[in-house]
Amino acid sequence: MSAPIVKLFTQPNFAWTDIRKEEEAHPRHYLAHLILLALIPAVCLFIGTTYVGWSLAENETVRLSHRSALHLCALLYLCTLAGVAVMGVFIRWMSRTFDARPTLNQCIGFAAYTVTPFFLAGIAGLYPSRWLAILVLAAASAYSTFLLFVGLPTFMHERKEQGVLNAVCVWGVGLLVLVTILVSMILLWFNVLTPEYLRATVTQ
């Protein structure tokens, strides 16, 4: 795990300063972070849904076929990249209202680092469980929100009052983008790709 990622969880204020400097020096520095870490949820979910499975009834384990799991995880990966890019576009557009002038790459980079907790939360996909997913995603959402409100004023060089207001707007748009992309992904997977389930009885 790189130093900026560690600092996001130990010293978030300093982390955002370092990330901004890196993005100014290397405009696409965030790409490796985004492309690699976005693989974590997809790969873990593939393993969890094909080799571990989940239980809907006693003594029964449900898994996805490898083809269906591959479709799901590829969709998840592509939607993750698209979601971060869309959020970057919105952040750049909204920043004009607050007299900030970041580049598009800087805004996409900010979005990519802000959702880092969601990338790491993807490890929970190794063990598909509704309650585990709820708990882990709730924790990731809370910390991503914290990173957004702490990081936006620093990253965008805004006054604190402007940064908080901008962060509220970004949070609202982010929620809308997240729901829209997830619903679209699920509908596409169910209605077009038609998932294939494998059920096995567990003998005592």
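Basis for what follows: all heavy atoms, side chains included, without hydrogens, waters or symmetry-related copies.
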Counting only pairs under 3.5 Å, give me each side-chain donor-acceptor contact of residues 163-183, with atom names and distances, residues two or more places apart or in other chains.
unit_1	atom_1	unit_2	atom_2	d
N166	ND2	E158	OE2	3.0
W171	NE1	T145	OG1	3.1
T180	OG1	L176	O	2.8

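Taking the six-membered ring where the residue is Trp, W93 and F90 present perpendicular rings, their angle passing 60° and hence far from 30°.
Pairing each heavy atom of L147 with each of P12, the nearest pair is CD2-CB, 4.0 Å. Nearest heavy-atom pair across T50 and A69 is CG2-CB, 3.3 Å. Here the shortest heavy-atom pairing between Y143 and L8 reads OH-O, 2.6 Å. The shortest heavy-atom contact between L64 and P195 is CD2-CB, 4.4 Å. Here the shortest heavy-atom pairing between L198 and S65 reads CD1-CA, 3.9 Å. Summarising the geometry of T194 relative to R67, their closest heavy-atom pair is O-NH2, 3.9 Å, with the distance given to 0.1 Å.
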**Request:** Applying side chain to side chain contact (heavy atoms under 4.5 Å, CB included), run through L34 and L81 and close with a yes or a no.
**Result:** CA-CA 7 Å; L34 175 59; L81 298 182; 3.7 Å; yes
**Prompt:** Under the side chain to side chain contact (heavy atoms under 4.5 Å, CB included) criterion, do R92 and V89 qualify, and how do the steps go?
**Reply:** CA-CA 5 Å; R92 185 171 187 266; V89 172; 5.9 Å; no
**Candidate pair W16 and F110, rule side chain to side chain contact (heavy atoms under 4.5 Å, CB included), full reasoning** = CA-CA 9 Å; W16 284 120; F110 176 80; 3.4 Å; yes
**Asked** Where do F9 and L120 land on the side chain to side chain contact (heavy atoms under 4.5 Å, CB included) test, with the steps shown first?
**Response** CA-CA 12 Å; F9 294 91; L120 300 182; 3.6 Å; yes
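Residues I40 and V52 do not share a hydrophobic cluster, defined by chaining ILVMFWY side chains whose heavy atoms lie under 4.5 Å apart. Under a hydrophobic-cluster definition in which Ile, Leu, Val, Met, Phe, Trp and Tyr are linked whenever side-chain heavy atoms come within less than 4.5 Å, directly or via other members, I186 and L188 are assigned to the same cluster. In the hydrophobic cluster analysis, where Ile, Leu, Val, Met, Phe, Trp and Tyr join through side-chain heavy atoms closer than 4.5 angstrom, L137 is grouped apart from W131. Under the 4.5 Å side-chain heavy-atom criterion for ILVMFWY residues, no single connected hydrophobic cluster contains both F146 and F14. Both L75 and F190 are assigned to one and the same hydrophobic cluster, defined by single-linkage of ILVMFWY side chains at heavy-atom distances under 4.5 Å.
Ring centroids of Y113 and F155 are separated by 6.0 Å or more, keeping the two rings apart. Ring centroid separation for the pair Y51 and H66 comes in under the 6.0 Å cut-off.
Atom OH of Y197 sits in a crowded spot, with more than 12 heavy atoms from other residues, nucleotides or ligands closer than 6.0 Å.
You'll find the side chain of L45 reaches within 4.5 Å of the side chain of L72, heavy atoms only. At least one side-chain heavy atom of Q106 sits less than 4.5 Å from a side-chain heavy atom of R20. A heavy-atom distance below 4.5 Å is found between the side chains of W54 and T49. With a 4.5 Å cut-off on side-chain heavy atoms, T80 and F119 count as touching. Using a 4.5 Å heavy-atom cutoff, the side chains of L126 and I123 are in contact. For the pair C73/V43, no side-chain contact is recorded, criterion being any heavy-atom separation below 4.5 Å from C-beta on. Between S141 and F118 there is a side-chain heavy-atom pair separated by less than 4.5 Å. Side-chain contact between M156 and C107 is present, with heavy atoms from C-beta onward closer than 4.5 Å.
When atom types are taken as modelled, the side chain of S55 and the backbone of T61 share no donor-acceptor pair closer than 3.5 angstrom. When atom types are taken as modelled, the side chain of S68 and the backbone of E196 share a donor-acceptor pair closer than 3.5 angstrom. Counting only distance, with no hydrogens or angles, the side chain of Y77 and the backbone of I35 share a donor-acceptor pair below 3.5 Å.
Note that the CG atom of L132 and the OH atom of Y127 stand 8.5 Å from one another [nearest 0.5 Å]. A distance of 7.5 Å separates CG of L148 from CE of M87, quoted to the nearest 0.5 Å. Atom CD of E22 and atom CD1 of I19 lie 9.0 Å apart (nearest 0.5 Å).
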